[in-house]
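Working notes for the structure below.
Throughout, a chain's letter reflects where its sequence line sits, starting with A, and its residues are numbered from 1.
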Number of protein chains: 2
Amino acid sequence: MREAAATDNRPYHHGDLRRALIDAARRLLETEGPTALSLRAVAREAGVSPAAPYHHFKDKGELLDAVAHEGWDLLNELMTAARASHASVRDKLTALGVAYVRFARDNPALYRVMYDCSRDKDSLPDHVHAQNDSAYCQVRDTLVEAGADPMDEQELELATTAAWCAAHGLAEMFSFKQFDHLKDALGGDEAFLRGVFEHMGIFGAAHHG
Amino acid sequence: MREAAATDNRPYHHGDLRRALIDAARRLLETEGPTALSLRAVAREAGVSPAAPYHHFKDKGELLDAVAHEGWDLLNELMTAARASHASVRDKLTALGVAYVRFARDNPALYRVMYDCSRDKDSLPDHVHAQNDSAYCQVRDTLVEAGADPMDEQELELATTAAWCAAHGLAEMFSFKQFDHLKDALGGDEAFLRGVFEHMGIFGAAHHG
DNA sequence: AAGATGATCTTTACGGCGTCCAGATTCAGT
DNA sequence: ACTGAATCTGGACGCCGTAAAGATCATCTT
C-alpha cells in the first residue's frame, strides 16, 4: 500500500495528525457515542495505523485530555457569550446556568469526556477553575456584581462552588426520562431548567409570582 | 454471607453464584477501583471460569445493574436513618443532603457505577425515584413537612429535583482537589458540605451569622 | 549534491477484554 | 435409574491498549 494511487493524496507523513486525531475523536463522539471511542477507532477514522497516535499522545488518556480541553474551551466561550448578552445581573446569572446545562444537553458525549478525564486525575483542568475567562470565574465575578462581598473570599468561593455544583447536577440529571413528564407539564426543556434553577437560590431565575 | 471454599472442596455447582459474583464485584470495586472491574476479574475473584457469569446475567451490564441496585438500597437506608435521627425539619433536610454526599464520598466507585448504569439506560431505577421509601421521596416528603404545598405538585417536584441535582453535583465535585484549600480553610469536609448547602437554598444547612 | 539524522508512520505481536459455543458435570423430577 | 434441564469448563473469536522493530520521509550538515 505505497503511494501508488494518485487520488490518495495522503502522503506518508500526515500534515497535522495530532489535529486530525482530535477531530476524528470528536466526530466519533458525536456520531457513535462515548463507548465507541477507542484509540483504534480514532486511528481508523483518521485513516492511519493503530499505533500512529502514539507519536502524538502518550496514551489514550492524553488524547481524551486534548478532546476534553477543547470541550472546556467551547464551554467557556458559550458562557462568556451568555453573560455578555444580558444586562441585568439576575439575567446574567440565569443565562450562565442555562448556557451550562444547554451545553451539556447538546454535547452529552463531550461533556462526559470532560468530567471523566478530570475524575481520573482528581482534578479539574486549570483553565476551567483558575484562568481569568474560565467558566468558574465568570460565575464568581457575576456574583460579585450581584452584590457578593469580594473581600469575604470564602463565602464567595462557597457561593460559586454551590452554583457550579447545582449546574453540574442538573446537567447530569437532565437526560433521565424520569423528568420528561415535568418538562412536558412545564412546556419544554427551557422552562424545566428555569424552574429548577428557581429553587436553587443561586442562578436566580426569573421568578413568576 | 456465603463463603467461597478456596480449597479443592468447591463443588462443581456453586451454591449461589449470583450472590457470590455481586459480592466479588463489590469487593473488587472497593479494593481496585472501577477501572479494574472486568467481568473476567469478577469471575476470577469468585473462583469461577470467565463464562460462568453468563448463566446468571445476560451480560456485564446486568451484573453492574445488580451491583448498582444494592448501592441504591444502601443509599436509601442511610437517608432514612439520617432523616429519622433529627427532630426539626431544617435539621432533617440538612442531614439528608449531608448523608447523600457522605455516601458518595465513602463509596466513590459504587456511586459511579450507580449513575453509569442509569445513564446507559437514560433512566434512573424505579426504586430510586418512585418507590415510597426512596431517597427522592424522602426529600420530597420532608419538603412537605417543611411547609411546601403538596397540592402544588409541580412546584414540589421541582424543589425535590433541585435538591437532588444540588446534592449530586456536590457529590461529584467533592473529590476534586481544587476545593481542598476551601475544605481546609473551613475546617474539614463536613464544614465544606454545610457551607455549600447553605448557598443552595435547598437543604437549609445551619444558618449563617 | 550526498549522506546522516531524527521524526513520522506501518507491521507485527502480546496480553486482556466481552462474548459465544460445544462439551462436561450435577441436580431434579419421573 | 433415566432423562432433561441447569450449571460450569475450556476454547475460540474479534476487539482493545500498547510496545518494539522496521520502513519512509523531511531536514540539516557537509
With a 3.5 Å cut-off and sequence neighbours excluded, list the donor-acceptor pairs that the side chains of residues 30-43 of chain B form with protein atoms.
from	atom 1	to	atom 2	distance (Å)
B:Thr31	OG1	B:Arg27	O	3.1
B:Thr31	OG1	B:Leu28	O	3.4
B:Ser38	OG	B:Ala41	N	3.0

Side-chain donor-acceptor pairs under 3.5 Å in residues 100-112 of chain B, sequence neighbours left out?
from	atom 1	to	atom 2	distance (Å)
B:Tyr100	OH	B:Tyr111	OH	2.7
B:Tyr100	OH	B:Tyr115	OH	2.8
B:Arg102	NH2	B:Glu190	OE2	2.2
B:Arg105	NH1	B:Asp189	OD2	3.3
B:Asn107	ND2	B:Phe103	O	3.0
B:Tyr111	OH	B:His168	ND1	2.5
B:Arg112	NH1	B:Asp116	OD1	3.2
B:Arg112	NH2	B:Glu172	OE2	2.3

Scan residues 62-71 of chain A against DNA chain C and write down, sorted by residue number, each residue with any heavy atom closer than 4.0 Å; if none is found, say none.
none
Sorted by number, the residues of residues 49-56 of chain A with heavy-atom contact under 4.0 Å to DNA chain C
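Contacting residues: A:Ser49, A:Ala51, A:Ala52, A:His55, A:His56.
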Side-chain heavy atoms of A:Val196 within contact of A:Phe179, under 4.5 Å:
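No, side chains not in contact.
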Check whether any side-chain heavy atom of A:Gln154 sits under 4.5 Å from a side-chain heavy atom of B:His181, and report yes or no.
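Heavy-atom side-chain distance check fails, nothing below 4.5 Å.
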Does NZ or CZ of A:Lys183 come closer than 6.0 Å to the centre of the six-membered ring of A:Phe174, within 45° of the ring's axis?
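Cation-pi check for A:Lys183 and A:Phe174: passes.
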Given atom [atom1] of [X] and atom [atom2] of [N], what is their separation to the nearest angstrom?
X: A:Leu39; N: D:dA19; atom1: CG; atom2: C1'; answer: 13 Å
X: B:Asp59; N: C:dC17; atom1: CG; atom2: P; answer: 17 Å
X: B:Leu37; N: C:dG18; atom1: CG; atom2: C1'; answer: 13 Å
X: A:Leu17; N: D:dT24; atom1: CG; atom2: P; answer: 19 Å
X: A:Arg40; N: C:dG16; atom1: CZ; atom2: C1'; answer: 12 Å
X: A:Arg44; N: C:dC9; atom1: CZ; atom2: P; answer: 18 Å

Would you please test B:Leu93 and B:Glu145 for side chain to side chain contact (heavy atoms under 4.5 Å, CB included) and show each step?
CA-CA 10 Å; B:Leu93 277 174; B:Glu145 273 189 69; over 6 Å; no
Taking atom types as modelled and ignoring hydrogens, do the side chains of [X] and [Y] form a donor-acceptor contact shorter than 3.5 angstrom?
X: A:Lys92; Y: A:Thr142; value: no
X: B:His199; Y: A:Glu155; value: yes
X: A:Asp180; Y: A:Gln178; value: no
X: B:Asp65; Y: B:His69; value: no

Does anything in residues 18-33 of chain A reach DNA chain D, meaning a heavy atom under 4.0 Å, and if so which residues?
none
Would you please name every residue forming a ring pair (Phe, Tyr, Trp, His ring centres under 6.0 Å) with B:Tyr136, sequence neighbours left out?
B:His129
